Asker: 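I'd like to ask you about the structure that follows.
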Amino acid sequence: DFEDFREPRPDLDPAMESQLEPVVRHLVENRWPWRLHATYDESISRALDVFEKVNRDRPFDGLHWFFDHAETVSERNIDRIAALGGGIAVQDRMAFQGEYFVERYGAAAAVATPPIKRMLAAGLPVGGGTDATRVSSYNPWVSLAWLVGGRTVGGMALYPRENLLDRETALRLWTESNAWFSNETGKKGRIAPGQLADLAVLSADYMAVPESEIAGITSVLTLVGGEVVHGDGDYRPLAPVLPPAMPDWSPVRRFGGYQHASAAPISPCACDQGCGVHGHDHAAALHPREDVADLRGFWGAMGCSCWAF
């Protein structure tokens with residue numbers, strides 16, 4: 001299925017199970033890990049039917065496999081995943097599409113999307129991510145702000161306090177816990193002897209800043225494999241010169257990315273100039289009060305150009 005909550009939930013092809021089964025059998029026979037992207041519980045249920053069928057005669061037996069996304073996964077299916085030794089990798093897509101989800105399914109349906117605390121209580125490996133750059137930004141701090149604060153980037157509160165994660169748990173999903181998904185447990189994810197020397201010095205104390213400031217945290221010094229790969233401010237002389245961002249039209253080339261946001265505020269759309277009607281709130285054009293059928297009035301004299309963004 002797919003993640004666009006402006007569209008109805010898609011029904012998978014009736015032949016999905018017959019097509020998926022030989023693929024899963026081949027993966028298990030060769031002991032190859034796999035991941036399956038599924039947003040909706042209905043899709044997860046059908047995939048689990050296949051996984052359980054294969055597992056009965058080709059036991060997974062500790063093979064790492066997992067679902068991505070799982071925003072609406074049910075408690076029953078969480079337990080089925082746990083029984084098969086699987087995990088779930090969650091991303092902050094609700095931070096960017098929470099309003100659309102609530103508009104389509106209602107606020108009550110959004111209170112645990114995804115139900116991370118229930119996943120952890122079931123003993124599942126759970127990892128944090130962004131799904132960048134298909135759906136959201138690569139910025140981990142936007143994701144961590146969502147995990148801790150439960151708000152969309154537009155400010156909508158999605159989750160009750162009891163469904164939010166504390167800061168340490170959220171950070172572990174992004175670091176130590178993620179090592180399971182790449183079969184590198186004990187090799188990376190912690191600052192510890194014997195693990196990879198990947199670390200970052202931050203612009204602010206993640207454990208202490210107000211929730212509203214978590215998304216604005218940046219790295220001022222980044223090491224990968226013990227080598228400096230990024231430096232800002234006082235650390236800039238330590239960093240290598242990086243090639244220009246690709247592609248040529250990337251906003252990062254023009255604005256410098258998140259690390260320079262405080263010096264040069266960027267509109268969310270990163271465009272040079274706002275629409276004559278909606279400013280930089282281009283999403284407002286999706287549900288306009290104006291008569292969009294009036295080509296001369298709306299698109300002409302009023303100057304709406306949101307289509308360009």
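Fair warning: this is a prediction, and the values are worked out from it, not measured in the lab.
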Asker: How many angstroms lie between OG1 in Thr218 and CG in Asn139, if you round to the nearest 0.5 Å?
Answerer: 9.0 Å

Asker: Taking the basic N atoms (NZ, or NE/NH1/NH2) and the acidic carboxylate oxygens, is any pair closer than 4.0 Å for Asp41 and Arg76?
Answerer: no

Asker: Might you work through the side-chain contact (heavy atoms from CB on, under 4.5 Å) test for Val153 and Arg151, ending with a clear yes or no?
Answerer: CA-CA 7 Å; Val153 294; Arg151 292 182 178 272; over 6 Å; no

Asker: Going by heavy atoms in the side chains, are Phe67 and Val73 under 4.5 Å from each other?
Answerer: no

Asker: Less than 4.0 Å between a side-chain N and a carboxylate O, is that true for Asp79 and Arg118?
Answerer: yes

Asker: Within the supplied structure, the quantity of interest is the number of heavy atoms (other residues, nucleotides, ligands) at a distance under 6.0 Å from Asp234 CG; does it exceed 12?
Answerer: no

Asker: Taking all heavy atoms of Gln97 and all of Asp4, pick out the closest pair and write down the distance.
Answerer: OE1-CA, 3.7 Å

Asker: Is there a side-chain contact between Leu173 and Ile116, using heavy atoms and a 4.5 Å cut-off?
Answerer: yes

Asker: Could you walk me through whether Glu168 and Arg172 pass salt bridge (charged side-chain N to carboxylate O under 4.0 Å, His left out), step by step?
Answerer: CA-CA 6 Å; Glu168 181 176 338; Arg172 285 187 184 278; 3.0 Å; yes

Asker: Looking only at non-hydrogen atoms, find the nearest pair between Ala170 and Val148 and report the distance.
Answerer: CB-CG2, 3.9 Å

Asker: I'd like to know if the side chain of Lys117 reaches the main chain of Ala112, judged simply by a donor and an acceptor atom lying under 3.5 Å from each other, with no hydrogens or angles considered.
Answerer: no

Asker: Identify the heavy atoms of Ala110 and Val102 that sit nearest to each other, and give their distance.
Answerer: CB-CG2, 3.9 Å

Asker: Are Arg161 and Glu211 close enough for a salt bridge, meaning some N to O gap below 4.0 Å?
Answerer: yes

Asker: Heavy-atom count around Arg190 CZ within 6.0 Å, excluding the residue itself: above 12?
Answerer: no

Asker: One pair to check against side-chain contact (heavy atoms from CB on, under 4.5 Å): Thr113 and Tyr159. What are the steps and the verdict?
Answerer: CA-CA 8 Å; Thr113 49; Tyr159 316 127; 3.5 Å; yes

Asker: Do Ser43 and Met16 have side-chain heavy atoms sitting under 4.5 Å apart?
Answerer: no

Asker: Do the side chains of Arg31 and Asp61 get nearer than 4.5 Å, heavy atoms only?
Answerer: yes

Asker: Taking Arg58 for the side chain and Glu29 for the main chain, is one N or O donor matched with an acceptor at less than 3.5 Å?
Answerer: no

Asker: What is the ring orientation for Trp34 with Trp65, classed by angle as parallel under 30°, tilted 30 to 60°, or perpendicular over 60°?
Answerer: parallel

Asker: Any side-chain heavy atom of Leu147 within less than 4.5 Å of one from Trp174?
Answerer: yes

Asker: For residues Thr130 and Val142, determine if any side-chain heavy atom of one lies less than 4.5 Å from a side-chain heavy atom of the other.
Answerer: no

Asker: Please say yes or no: joined through hydrophobic side-chain contacts below 4.5 Å, possibly via intermediate residues, are Val220 and Val224 part of one cluster?
Answerer: no

Asker: So Glu42 and Leu12, do their side chains get closer than 4.5 Å, heavy atoms only?
Answerer: no

Asker: A quick test of your reading: do over 12 heavy atoms of other residues, nucleotides or ligands sit less than 6.0 Å from CZ of Arg46?
Answerer: yes

Asker: Can you get from Leu84 to Met119 by hopping between Ile, Leu, Val, Met, Phe, Trp and Tyr side chains that sit under 4.5 Å apart?
Answerer: yes

Asker: Testing the basics here: between Ala47 and Leu36, what is the closest heavy-atom pair and its distance to 0.1 Å?
Answerer: CB-CD1, 4.2 Å

Asker: Out of curiosity, Asp49 CG to Glu21 CD, how far, rounded to the nearest 0.5 Å?
Answerer: 11.0 Å

Asker: Under 3.5 Å, is there a donor-acceptor pair between the side chain of Asp198 and the main chain of Gly225?
Answerer: yes

Asker: Can a donor-acceptor pair be found between the side chains of Ser45 and Asn77 at a distance below 3.5 Å?
Answerer: yes

Asker: Checking Arg9 against Thr72 for the side-chain contact (heavy atoms from CB on, under 4.5 Å) test, could you report, in this order, the C-alpha distance in whole Å, the side-chain angles of both residues, the deciding distance, and whether it holds?
Answerer: CA-CA 11 Å; Arg9 177 184 64 82; Thr72 69; over 6 Å; no

Asker: Let me see the working for Arg93 and Thr39 under side-chain hydrogen bond (donor to acceptor under 3.5 Å, both in side chains), right down to the final yes or no.
Answerer: CA-CA 10 Å; Arg93 304 192 307 183; Thr39 296; 2.6 Å; yes

Asker: Give, for atom NE2 of His37 and atom CG of Asp1, the distance between the pair rounded to the nearest 0.5 Å.
Answerer: 11.0 Å

Asker: Quick check: closest heavy atoms across Phe66 and Gly87, and the distance to 0.1 Å?
Answerer: CB-O, 3.0 Å

Asker: How far does CD of Glu71 sit from CE of Met94, to the nearest 0.5 angstrom?
Answerer: 7.0 Å

Asker: With the 4.5 Å side-chain cut-off for hydrophobic clustering, are Leu202 and Ile214 part of the same group?
Answerer: yes

Asker: Taking side chain as C-beta onward, heavy atoms only, is Thr169 less than 4.5 Å from Leu120?
Answerer: yes

Asker: Taking CE in Met246 as the centre, count heavy atoms belonging to other residues, nucleotides or ligands within less than 6.0 Å. Is the count above 12?
Answerer: no

Asker: Quick check: does any side chain N or O of Tyr206 sit under 3.5 Å from a backbone N or O of Trp141, one acting as donor and the other as acceptor?
Answerer: no

Asker: Counting distance only, does the side-chain N/O of Asn55 pair as donor-acceptor with the main-chain N or O of Phe51 below 3.5 Å?
Answerer: no

Asker: Take atom OH in Tyr235; do more than 12 heavy atoms of anything else shown fall under 6.0 Å from it?
Answerer: no

Asker: For Glu227, does the CD atom have more than 12 heavy-atom neighbours from other residues, nucleotides or ligands under 6.0 Å away?
Answerer: no

Asker: Return the CD1 to CZ distance between Ile88 and Arg35, rounded to the nearest 0.5 Å.
Answerer: 13.0 Å

Asker: Keeping the roles fixed (side chain from Asn178, backbone from Gly128), state whether a donor-acceptor pair exists under 3.5 Å.
Answerer: yes

Asker: Quick check on the hydrophobic clustering: are Leu196 and Leu199 connected, directly or via other members, by side-chain heavy-atom contacts under 4.5 Å?
Answerer: no

Asker: I need the minimum non-hydrogen distance between Pro125 and Phe181, along with the two atoms involved.
Answerer: O-CZ, 3.4 Å

Asker: Under 6.0 Å between ring centres, would you say that holds for Tyr100 and Phe5?
Answerer: no

Asker: Under 6.0 Å between ring centres, would you say that holds for Phe96 and Trp146?
Answerer: no

Asker: What distance separates Leu20 CG from Arg25 CZ, expressed to the nearest 0.5 Å?
Answerer: 11.0 Å

Asker: If hydrophobic clusters are built from ILVMFWY residues whose side chains come within less than 4.5 Å, do Val209 and Leu165 share one?
Answerer: yes

Asker: Leu144 vs Arg167, test: side-chain contact (heavy atoms from CB on, under 4.5 Å). Steps then yes/no.
Answerer: CA-CA 8 Å; Leu144 284 160; Arg167 299 189 190 205; over 6 Å; no

